[in-house]
Colleague: 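Okay, handing you the structure first.
Below, read A as the first sequence line, B as the second, and so on, with proteins coming before strands; counting in each chain starts at 1. Basis for what follows: all heavy atoms, side chains included, without hydrogens, waters or symmetry-related copies.
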Amino acid sequence: MAVASGLLCLIIVFSGIISQINAALDLNREIITKQQKLNLLRQKATDLENLDAQGAYASVDLVNKILPSKKPLLELLAALNAVASKDGVMFTNLSLSPGAIASESTQFLDSAKSNAKSNAKSNAKSNAKEKKVTSVSGKGHNSLDVELEVSGVFSQVQKFISDIEKVAPLITIKSLSLDIKSDDIIRPTDQVSAQLIVSVYFFTQTVEAALESPLPNIGSKEQVIIAEINNYYYPSIEIQQQIIGGNLEDLFGLDMPEIKTGEL
Amino acid sequence: MMDINFVRNRIKTLTKLAQGDKKIFNIAGVTTAVFLVILVGIFGLRFYLISQLSKIENSKQSLLARIKSQENTEKSFVIFVDKLRVLSGVFAERKDKQDAISYFSQVFGSDVVIDRIAYDASSQFLAFGVMAADVFTLENVFETLASEQSVQKFSSLTKSNLQRNSKGIYQMQITVVLGKETAE
C-alpha cells in the first residue's frame, strides 16, 4: 500500500516536472527568437538615427534630380537649354508627341531590325549551338519622349549629343539623324542640324516597407552609380516666387469720378 | 505441529514488514521532497523567463515607436535605394549603347562619320549609319567589322543598305544587338 501510494506520488510529481520543463524550454526558445528580432529592430533604429552620417545618403538630392518621381518636363527643358547654351548650339522644334507614327528614324530602326533578324535566322541554321540573348527589364521607371532639332557646327553638335546624356534629369538619345546639306563627307566645321528623339526617365515604382523589416543595403553597384552621377551636370531652375509685371490696378476703369446729375 | 511461538513469529514478520514499509516510505518521502524542490525551481525559472519575455516585449514596443517616429526618413531612404537600383539597370542598358557608339566612333578613324543612330532599349537594338569618304575607307570599315575584336564584342552585327552618292561617298547601315548572351 505504501509502495503503491509512494509510486503514485512520484508519478504525479514527475509528470508535473516534465510538463513544466517542456513549458520552460518553449519559453526559452521564444525568448531566443524574439531577442534576435529585437536585435534587428535595435539595429534598424540605430541605422535610421545615423542615416545622415552615411556618406552614400548625402547624394539623395542628386538621385532625386537624376530620377525624379514625377514627369520632369520643366527640368528637361531647363537641361536642354543649359546644355545647348554651354555647347553653343541652338535647339528648335521641340515636340512632346514625336510626329508621324513611323518617323524616318523609326523606319530606319525597323528596317535595321528586320535585316538583323533575317541575318540571324540564316546564321542560326548553320550554327549548331543556340544562343540566348537576355533582355534587360525596364521595371520601376517610365520615360517621356521628346523630339527636338539642334543646329550648329558639327563638332559642337557632337559635343551636345555627348553632353545631353550626362545631365539631370536622366536623358537617353533614342534616335539621331544628321541633316547633311551636301553629299560631301562632314567636316568638324560644317554647319549641320540634327534631329533627335530623347527619352527622359522618371521613377514610377511603388515602394513598400514593413515596420519590422530591415533597411535596404547600398551595394557596390549602387556606389558606382553614386560616383558616376556626382560628375553629372545639374542645371538650376529658377522658380517664380511672385507675380511679376502688371501694374494695372484699375483694369475696367471702375474708379471713375462721380458724375453729378447736372453735368449730363 | 503448530509452532507454539506463532505470535512471536507473527510479530517478528510484522515488524520486518513495518521496517520495510518505513524504509520505502523514507525513500519515497525523500524522493518526493527532491522532486518538489526541483518543481519549485522550475516554477521559479518559468517566472523568470516570463519576466524576460515581458521585458523583451516592452523593449520591442519602445523600438517600434522610435522607428515609427523616423517614418519619413525611412521612406526617403527606401525610395533612394530603389531609385539607385533602377538607375543601375538603366545605366547598364545605356552603357552598352554608349560603349558601342564610342567603339565604332574610334575604331573606324576620322574618315568615317556616323550620321544617324537609332536605339531601341527594349530589344537592345542599335542601328547606325556610317559615311566613308572613299572605297579604301569603306574596305577598312568592312575589315574592322569582320575583325575578331568586333565579332567578340557584339552578339550580332549586320551590314546593310550600302549606297554610293554622286560625290563618291559611301553610306552603309550597321545594326548590332547589345546586351549579354548565354550559350545553352
Colleague: In terms of heavy-atom pairs under 4.5 Å, which option from L64(B), I38(B), V176(B) contacts chain A the most?
Modeller: L64(B)
Colleague: Closest approach of S213(A) and E74(B), non-hydrogen atoms and distance?
Modeller: O-OE2, 4.5 Å
Colleague: For E57(B), is it the side chain, the backbone, both or neither that has a heavy atom under 4.5 Å from a heavy atom of chain A?
Modeller: side chain
Colleague: With the threshold set at 4.0 Å, does a side-chain nitrogen-carboxylate oxygen contact exist between K97(B) and E165(A)?
Modeller: yes
Colleague: Check step by step if side chain to side chain contact (heavy atoms under 4.5 Å, CB included) holds for K37(A) and K60(B).
Modeller: CA-CA 9 Å; K37(A) 286 184 183 173; K60(B) 180 184 166 185; 5.9 Å; no
Colleague: Let's test your reading of the structure: which of I17(A), V60(A), L196(A) forms the most heavy-atom pairs below 4.5 Å with chain B?
Modeller: I17(A)
Colleague: Nearest 0.5 Å, please: how far is OG in S62(B) from CZ in R42(A)?
Modeller: 8.5 Å
Colleague: If you count heavy atoms of other groups shown closer than 6.0 angstrom to CD of E148(B), is the number above 12?
Modeller: no
Colleague: Who wins among V78(B), I42(B), I79(B) for the most heavy-atom pairs under 4.5 Å with chain A?
Modeller: I42(B)
Colleague: So which atom in P216(A) and which in F77(B) form the shortest heavy-atom distance, rounded to 0.1 Å?
Modeller: O-CE2, 3.4 Å
Colleague: Given heavy-atom pairs under 4.5 angstrom as the criterion, report whether the side chain, backbone, both or neither of F203(A) touches chain B.
Modeller: side chain
Colleague: Quick check on I218(A) against chain B: is it the side chain, the backbone, both or neither that has a heavy atom closer than 4.5 Å?
Modeller: side chain
Colleague: First locate atom CZ of F80(B), then atom CG of L51(A), and finally report the distance between them rounded to the nearest 0.5 Å.
Modeller: 9.0 Å
Colleague: Using non-hydrogen atoms and a 4.5 Å limit, figure out which bit of I161(A) sits close to chain B: side chain, backbone, both or neither.
Modeller: neither
Colleague: Is chain A contacted by the side chain of I114(B), its backbone, both, or neither, given a heavy-atom distance below 4.5 Å?
Modeller: backbone
Colleague: Roughly how far, to the nearest 0.5 Å, is the CG atom of D52(A) from the OG1 atom of T73(B)?
Modeller: 7.0 Å
Colleague: Distance from I225(A) atom CD1 to S88(B) atom OG, nearest 0.5 Å?
Modeller: 4.5 Å
Colleague: Please look at R85(B) and chain A and tell me whether the side chain, the backbone, both or neither of the residue comes under 4.5 angstrom of a heavy atom of that chain.
Modeller: both
Colleague: Non-hydrogen atoms of chain A under 4.5 Å away: do they reach the side chain of S69(B), the backbone, both or neither?
Modeller: neither
Colleague: At a heavy-atom separation under 4.5 Å, does S69(A) approach chain B through its side chain, its backbone, both, or neither?
Modeller: both
Colleague: On a heavy-atom basis, which atom in L63(B) and which in A45(A) lie closest, and how many Å separate them?
Modeller: CD2-CB, 4.1 Å
Colleague: Can you tell which part of A209(A) gets under 4.5 Å to a heavy atom of chain B, answering side chain, backbone, both or neither?
Modeller: side chain
Colleague: Under 4.5 Å heavy-atom distance to chain B, tell me which part of I66(A) shows up: side chain, backbone, both or neither.
Modeller: side chain
Colleague: Just verifying a value: how many Å separate K221(A) NZ and L87(B) CG, rounded to the nearest 0.5 Å?
Modeller: 13.5 Å
Colleague: Rounded to the nearest 0.5 Å, what separation is found between the CG atom of D47(A) and the CD atom of Q70(B)?
Modeller: 11.0 Å
Colleague: Treating K44(A) as the side-chain partner and I67(B) as the backbone partner, does any N or O pair qualify as donor plus acceptor under 3.5 Å?
Modeller: no
Colleague: Assign the ring pair F91(B) / Y232(A) to parallel, tilted or perpendicular, where the plane angle (0 to 90°) is split at 30° and 60°.
Modeller: parallel
Colleague: Does the side chain of I56(B) come within less than 4.5 Å of Q35(A)'s, by heavy atoms?
Modeller: yes
Colleague: With a 4.5 angstrom heavy-atom cut-off, could you sort out which part of N217(A) is near chain B: side chain, backbone, both or neither?
Modeller: backbone
Colleague: Only heavy atoms, only distances under 4.5 angstrom. Which residues in residues 43-55 of chain B are near chain A?
Modeller: F43(B), L45(B), R46(B), L49(B), I50(B), Q52(B), L53(B)
